Amino acid sequence: MLDLSLRIAERLLAAGEGAADVETAMLTVLRAYGRTDCEPQVTFTMISVSRQVGQHTAPVTITRTVRRRKPDYQRLVALYQLISQITRRPPDTDQARRDLDAIDAQRPPYPAWIHAFAPGVLAASASLLVSGRSDARAWITFALAFLAAVAGSRLAAALATLSLADFYLNAAAAVPAAAAGVGLALTGAGLGGSAVVTGSLFALFPGRTLVGAIEDGLTGFYLTAAARLLEVLFLVAGIIIGVLAVLPAGVRLGAAFAPEGGFDHSLSSPVQIPAAAVLAACLAIMVRTPRAILPATAVGGALAWTAFDLLAGTWDINPIAATGVAAFSAALFGQCACLLRHLPPLPYITGALGPLLPGSLLYTGVLGLGQGKIIDGVADLSKAAATALALAVGVGIASETARLARTHLAVTRR
């Protein structure tokens with residue numbers, strides 16, 4: 001039983017689940033098999049479980065290490081379904097291990113070509129979200145953002161075969177977008193070179209890792225939270241370095257970049273809501289969200305953008321505060337949707353947060369650094385960090401609200 005709970009926890013953590021939920025899953029499996037004398041421990045890369053065999057003997061402790069983490073929500077959903085099955089009627093451990101092996105052998109929910117093109121569609125949708133325009137030039141920018149993001153994604157995938165760290169992969173993926181932006185700016189055709197770069201940054205920003213870090217911190221897993229935050233820092237640094245490898249050269253060649261990374265709410269248009277929904281769905285595809293959850297994810301993305309645009313544009317509320325409230329709305333919607341199907345909330349929430357990611361501020365910050373405007377660049381990067389923090393806190397508050405509501409309902413039913 002100890003080994004089974006450890007193997008399930010290892011796969012949950014590798015698939016993107018938070019430390020608190022992984023520990024809860026371990027306790028659930030152990031108690032289903034009658035083991036109430038076990039103590040699990042979850043950190044960023046290691047999981048352990050101890051059992052006190054006798055009063056005067058040393059505890060038995062087994063551990064497993066998670067070396068590679070890659071969000072895979074199809075596997076996450078299947079693991080929670082297995083845990084639910086174990087809770088209702090625990091199978092023998094050999095059968096449970098076979099079920100676990102079957103989950104490992106599952107085919108991806110989407111064909112390889114969809115996974116290849118999803119980052120491109122995400123970046124292209126983000127370019128429409130940023131510009132708020134739907135004229136001919138906007139659609140040309142859409143196509144170029146698509147091509148640049150797909151090229152960056154394929155380059156990163158090729159380099160991943162060399163077992164390079166994610167820092168280098170993010171840096172490499174940012175280069176084609178930056179090069180495309182420089183090329184458009186040099187043509188002087190009035191096309192949105194800035195929108196191309198900004199859209200690609202939406203696809204690269206480690207939003208889920210950041211939200212997971214804040215959730216781990218709010219639930220008391222401070223060591224894991226600190227490790228996740230450090231991972232976010234390195235991933236974002238990789239993006240910045242990839243863009244700065246190209247952008248300053250374009251500036252020296254005379255490329256003029258307008259700061260199109262900031263949202264102009266006076267240009268709010270109907271095209272932005274569908275773009276937000278498509279962006280959310282593409283982000284969900286990139287983390288292998290099951291197909292049945294995609295419609296709810298798209299609705300959540302449209303809801304998140306609508307709430308943000310209403311608060312920051314119509315009511316002129318501070319964009320950082322508006323991001324937090326919009327994230328709360330989208331996450332609460334995801335919590336309600338997952339309850340209806342008795343599934344984990346993460347697949348419903350992660351994609352819906354896509355339109356709120358601070359890719360625009362990240363671009364303007366990097367642009368400021370590339371143009372030698374250090375103070376302006378650092379200020380925008382600080383705003384990007386504050387926006388990301390507001391996003392994560394909004395999700396955390398929504399999770400706590402849903403937990404308290406479930407607890408209240410359970411007490412009321414008794």
Side-chain angles (χ1 to χ4, degrees), residues 12-13 15-25 28 71-81 83-84 87 207-221 225 228 276-277 279-281 283-285 287-308 310-311 321-357 388-413:
L12 285 173
L13 193 62
E17 188 59 280
D21 293 318
V22 172
E23 186 175 281
T24 300
T28 300
D72 187 339
Y73 291 167
Q74 175 182 252
R75 177 176 294 183
L76 192 72
V77 169
L79 287 168
Y80 273 107
Q81 290 172 339
I83 293 170
S84 178
T87 303
R208 170 55 208 155
T209 305
L210 177 67
V211 172
I214 302 301
E215 287 180 340
D216 286 343
L218 293 175
T219 52
F221 290 81
R228 286 184 188 269
L279 191 158
L283 184 57
I285 289 173
V287 293
R288 299 190 176 191
T289 301
R291 298 186 183 190
I293 298 177
L294 278 187
T297 303
V299 172
L303 173 65
W305 172 255
T306 302
F308 174 73
L310 179 66
L311 293 169
T323 298
V325 176
F328 171 82
S329 303
L332 196 59
F333 171 80
Q335 292 281 353
C336 295
C338 77
L339 284 177
L340 294 176
R341 300 193 62 189
H342 305 286
L343 294 175
L346 204 55
Y348 289 89
I349 295 173
T350 299
L353 300 178
L356 303 177
L357 295 176
L389 182 62
L391 187 153
V393 170
V395 174
I397 294 175
S399 299
E400 285 301 305
T401 302
R403 184 185 64 80
L404 292 174
R406 286 195 296 267
T407 302
H408 176 72
L409 289 174
V411 173
T412 303
R413 289 172 180 172

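We use all heavy atoms of the structure for the numbers below, so side chains are in, but hydrogens, waters and symmetry mates are not. What you are looking at is a predicted structure, and each value in this text was computed from that prediction instead of being measured.
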Report summary line: Given the options D21, T28, L346, Y80 meets side-chain contact (heavy atoms from CB on, under 4.5 Å) only with D21
Report task. List the steps, then state whether side-chain contact (heavy atoms from CB on, under 4.5 Å) holds for I293 with L343. Result -> CA-CA 10 Å; I293 298 177; L343 294 175; 4.1 Å; yes
Compare every heavy atom of [Y] with every heavy atom of [X], then report the nearest pair and how far apart it is.
X    : Y    : answer
A398 : A331 : CB-CB, 3.5 Å
L76  : A15  : CD1-CB, 4.2 Å
A280 : A352 : CB-CA, 4.1 Å
G212 : R228 : C-CD, 3.6 Å
L311 : A322 : CB-CB, 3.8 Å
L13  : V22  : N-CG2, 4.0 Å

Supply the atom-to-atom distance [X] [atom1] to [Y] [atom2], rounded to the nearest 0.5 angstrom.
X    : Y    : atom1 : atom2 : result
D72  : L79  : CG    : CG    : 9.0 Å
E400 : F328 : CD    : CZ    : 11.5 Å
S399 : L332 : OG    : CG    : 9.0 Å
T297 : I349 : OG1   : CD1   : 10.0 Å
R291 : Q74  : CZ    : CD    : 9.5 Å

Requested in this report: Sort and list the pairs that fulfil side chain to side chain donor-acceptor pair (under 3.5 Å) and have at least one residue in residues 345-355, not counting sequence neighbours.
Outcome: Y73-T350
Requested in this report: Indicate yes or no for a side-chain donor-acceptor contact from D216 to the backbone of F221 under 3.5 Å, with no hydrogens or angles considered.
Outcome: no
Query raised in the report: Got a donor-acceptor contact below 3.5 angstrom from the T24 side chain to the A20 backbone?
Result: yes
Query raised in the report: Does L339 reach the side chain of R406, with side-chain heavy atoms less than 4.5 Å apart?
Result: yes
